[in-house]
Amino acid sequence: MSIRIYNTLSGKKEPFEPLQPDRVHMYVCGITAYDLCHVGHARSAIVFDVIYRYLIHRGFDVVFVRNFTDIDDKIIKRAQEESTDPLLIAERYIEAFYEDMDRLGVARPTYEPRATQFIPEMIALAETLIEKEYAYQVDGNVYFAVEKFSDYGKLSKRKLDDMIAGARVAIEENKRNPMDFALWKASKPDEPAWPSPWGQGRPGWHIECSAMSSKYLGRSFDIHGGGKDLIFPHHENEIAQSEAAHGINFAKYWVHNGFVNIEQEKMSKSLGNFFTIREVLERYQPEVLRIFLLSSHYRSPVDFSRESMAEAERGLERLYQTVGQVEERVGLVTEKDVLPAGEGSEFKELRDLIEDASGRFQEEMDDDFNTAAALGHLFELSRALNRFQDGLSGKPEPAEQDLLAQGVHRLRECAAVLGLLQQSPKDFFREHNRLFLAAMDLKEEEVEKLVAERTQARKDKNWARADEIRDTLAAMSIILEDRPDGTRWRVKS
RNA sequence: GGCGGCAUGGCCAAGUGGCUAAGGCAACGGUCUGCAAAACCGUUAUUCCCCGGUUCGAAUCCGGGUGCCGCCUCCA
């Protein structure tokens, strides 16, 4: 069984065959650093983080490049508003991006180049395109002539004529064709500028990705990704520039993630209906956002809401609950990889399930990174582990302990590819409680005090008082669990 | 206007020609419990937006319709 990937270019799932066996070169468009990132950015980052992790998990040697756009109109605008330097604005938001990504557990790519570090390469690329007559210069601007590139529109599947007819943007006089796009822009007096053969100026948006990808990954590489909104014009233009300049196919597989919606509408800066990552992390743990986003297929839209996050959170709690129960019973889990032999149908049932778990997980992930289906198998394994524990009477046999330990080990191993179950259950629930108490403006000591009082009441067999306290706590969304070793409390999601 | 996508139980969500339509959340019943919670067991879609067609057989393919969304302007 091999990996299959949906390729935007062909509109189909295709078997994944990298250009070099065992090695994957992938490029994902990163952010324009002019503001804080929102959940939409988080989705893209997490989706490609999972793809990256999974390819490594499958044994590929992966070179992963994700860029920062650190010079562009929006950054300049922001700098002017704050009377500061555009590069400082970019620096600030790149820092913020790193903070957010680290909290979300998004692994660092192999290389994270910035556009301004590749000005000479971009100028060289523009020069090549002019030489090959794919581009022309007007008053210090360089434009790519889309008509010269016969494949223009092959990614977004549109025809040049249709686009011109439907164009909603004012036509720039300098351009020969309204769809032509800038490779190099002459700079205005107060803007950042670099010297070039066409005078002082700065690069256009699209050319940075062409320049940087070829630098790190070669002129032809395996996977190019980004949000669906980048298909046109950004990725279409990258293809045009790169293939026109180099004369060979640019990226082999084009992978695009769907949007995060708010009430069925795309979350975006311009609509103003966005939540920043840090806003969300004030209320929810990073893994909650991850499991929420990974519960749908990466290409489908996903609706972000309080309810859907709470639902995802309860699912994650369920998994942590299982891990916690097992670890309490059998201690910290071993990493032995041999499943124990044992008697009984229940033992065999669980053993088989554990044995198959990784394979099933892999089958789903191989099928265009179907994280939702893969998660389904993790829940099945979780339930099987709970069921097995329920069936135990008294102290488990060594083989049974070992089986449980192996089960949790396997569960966590798969979950790690999704960046889930990375905490100890204790820490997870502690943080969960902390966040919710903070949101409800409650103090942990108050809760502890009531719980202690109830424990005393229970000792005295004063059930009426005990239940009264439990009701009081329930009204504060605090749920109690009386266990052999004492009462625990947690906040209801 | 052009192009693309989506429609599956109360909600979320896998499934793209054929075993009993995954899984999660919610609800209800049971086991457990002082009572609960957690956990487990069971129940909740003879049916996949509607109408036709292809096929021995379709949620899955084709045609038409309805509804929603996205891109075509910066956007993950």
Side-chain angles (χ1 to χ4, degrees), chain A residues 8 11 13 28-32 34 37-48 72-74 77 153 156-159 161-170 179 205 225-234 236 256-261 264-271 274 291-292 295-297 299-303 305 307-308 310-319 321-322 324-325 360 364 367 370-380 382-391 458 461-464 466-467 470-471 474 479-483 487-490 492-493:
Chain A
T8 307
K13 276 187 206 170
V28 173
C29 290
I31 57 155
T32 298
Y34 77 106
C37 289
H38 58 62
V39 179
H41 299 105
R43 184 177 197 191
S44 185
I46 288 169
V47 161
F48 289 101
D72 115 310
D73 292 350
K74 292 190 294 287
K77 185 167 168 253
S156 54
K157 293 167 182 64
R158 5 181 140 211
K159 294 193 186 78
D161 294 344
D162 296 340
M163 286 190 269
I164 295 164
R168 285 184 278 160
V169 68
M179 298 313 293
W205 173 32
K228 267 195 160 81
D229 44 5
L230 297 182
I231 295 172
F232 191 89
H234 187 53
E236 194 70 70
H256 294 99
N257 64 277
F259 301 131
V260 175
N261 290 164
Q264 269 106 84
E265 250 186 356
K266 180 184 171 186
M267 176 184 291
S268 74
K269 272 276 153 52
S270 39
L271 285 170
F274 61 90
I291 197 170
F292 164 69
S295 294
S296 303
H297 188 91
R299 280 187 280 118
S300 310
V302 65
D303 216 86
S305 69
E307 292 72 34
S308 55
E311 190 183 313
E313 179 160 50
R314 274 173 285 214
L316 185 61
E317 281 174 49
R318 181 182 176 76
L319 295 176
Q321 192 90 25
T322 300
Q325 297 264 15
R360 288 204 249 198
E364 301 295 356
D367 184 12
N370 192 341
T371 54
L375 267 171
H377 291 306
L378 299 190
F379 279 105
E380 276 169 358
S382 165
R383 180 147 40 86
L385 287 164
N386 291 335
R387 187 191 303 136
F388 186 76
Q389 290 199 93
D390 251 40
R458 291 183 71 225
K461 299 223 187 297
N462 183 354
W463 307 125
D467 292 352
R470 189 173 57 205
D471 290 346
I479 306 286
L480 298 178
E481 289 180 31
D482 295 330
R483 293 158 162 268
T487 298
R488 288 193 201 170
W489 59 272
R490 67 189 170 87
K492 191 177 186 305
S493 312

Exercise. Could you walk me through whether Gln321(A) and Asn386(A) pass the side-chain contact (heavy atoms from CB on, under 4.5 Å) check?
Worked result: CA-CA 9 Å; Gln321(A) 192 90 25; Asn386(A) 291 335; over 6 Å; no
Atom [atom1] of [X] and atom [atom2] of [N]: how far apart are they, to the nearest Å?
| X | N | atom1 | atom2 | result |
| --- | --- | --- | --- | --- |
| His38(A) | A76(B) | NE2 | P | 6 Å |
| Lys266(A) | U73(B) | NZ | C1' | 11 Å |
| Met267(A) | A76(B) | CE | C1' | 11 Å |
| Asn386(A) | A38(B) | CG | C1' | 9 Å |
| Lys269(A) | A76(B) | NZ | C1' | 10 Å |
| Leu230(A) | U73(B) | CG | P | 14 Å |
| Leu385(A) | A39(B) | CG | P | 13 Å |
| Asp229(A) | C69(B) | CG | P | 17 Å |

How far, in whole Å, is [M] from [N] if one measures between their [atom1] atoms?
| N | M | atom1 | answer |
| --- | --- | --- | --- |
| C50(B) | C6(B) | C1' | 16 Å |
| G23(B) | G30(B) | P | 24 Å |
| C56(B) | G70(B) | P | 42 Å |
| G57(B) | G10(B) | P | 29 Å |
| G17(B) | A76(B) | P | 35 Å |
| G67(B) | C28(B) | C1' | 33 Å |
| G24(B) | A13(B) | P | 16 Å |
| C48(B) | A58(B) | C1' | 11 Å |

Is any side-chain N or O of [X] closer than 4.0 Å to OP1 or OP2 of [N]?
| X | N | result |
| --- | --- | --- |
| Lys157(A) | C72(B) | no |
| Asn257(A) | A76(B) | no |
| Arg387(A) | C41(B) | yes |

Can you identify which nucleotide, out of [options], has its nearest atom closest to the [X] side chain?
| X | options | result |
| --- | --- | --- |
| Arg158(A) | G34(B), C71(B), A39(B) | C71(B) |
| Asp467(A) | A39(B), G34(B), C72(B) | G34(B) |
| Met179(A) | A36(B), A76(B), U73(B) | U73(B) |

Mark yes or no for whether [X], through its side chain, and [Y], through its backbone, hold a donor-acceptor pair below 3.5 Å.
| X | Y | answer |
| --- | --- | --- |
| Ser44(A) | Gly40(A) | no |
| Asp367(A) | Asn370(A) | no |
| Lys228(A) | Arg299(A) | yes |
| Lys269(A) | Phe274(A) | no |
| His377(A) | Ala374(A) | no |
| Ser295(A) | Ile291(A) | yes |

For this session: Give a yes/no verdict on base stacking between G34(B) and Trp463(A): centres under 5.5 Å, planes within less than 30° of parallel.
Result: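 Trp463(A) ring centre within cut-off of G34(B) base, planes near parallel; stacks.
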Problem set entry | Strand RNA chain B as a dot-bracket string - pairs counted if Watson-Crick or G-U with both distances under 3.5 Å, | where the partner lies in another strand | ((((((((.[[[..)..(....]]]((((((.......))))))....[[[[[..)....]]]]])))))))....
Exercise. Looking at CG of Asn261(A) and CG of Asp303(A), how far apart are the two atoms once the value is rounded to the nearest 0.5 Å?
Worked result: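 Asn261(A) CG to Asp303(A) CG: 5.5 Å, rounded to 0.5 Å.
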Exercise. Just by protein heavy atoms under 4.0 Å, how would nucleotides 12-24 of chain B read 5' to 3' in B, S and -?
Worked result: BSSS------BSB
For this session: State, yes or no, whether a side-chain contact exists between Arg383(A) and Arg387(A) at a heavy-atom distance under 4.5 Å.
Result: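 Sidechains of Arg387(A) and Arg383(A): in contact.
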Exercise. When we call it a touch if two heavy atoms are under 4.0 Å apart, what does Val39(A) touch: a base, just sugar-phosphate, or nothing?
Worked result: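 If one applies the 4.0 Å heavy-atom cut-off, Val39(A) turns out to touch nothing in the nucleic acid.
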Donor-acceptor pair under 3.5 Å, [X] side chain vs [N] base:
| X | N | answer |
| --- | --- | --- |
| Arg470(A) | C35(B) | yes |
| Asn261(A) | C69(B) | no |
| Arg458(A) | G34(B) | yes |

For this session: Return the 5'-most residue of the pair Ser44(A), Lys492(A) with respect to RNA chain B, ranking by each residue's nearest nucleotide.
Result: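 With Ser44(A) and Lys492(A) compared, the 5'-side residue is Lys492(A).
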Problem set entry | Stepwise salt bridge (charged side-chain N to carboxylate O under 4.0 Å, His left out) test for Glu236(A) and Arg158(A) | CA-CA 10 Å; Glu236(A) 194 70 70; Arg158(A) 5 181 140 211; 5.8 Å; no
For this session: Please report the C-alpha distance between Met267(A) and Arg43(A) in whole Å, then the side-chain angles of each, then the deciding distance to 0.1 Å, and finally whether the side-chain contact (heavy atoms from CB on, under 4.5 Å) criterion is met.
Result: CA-CA 11 Å; Met267(A) 176 184 291; Arg43(A) 184 177 197 191; over 6 Å; no
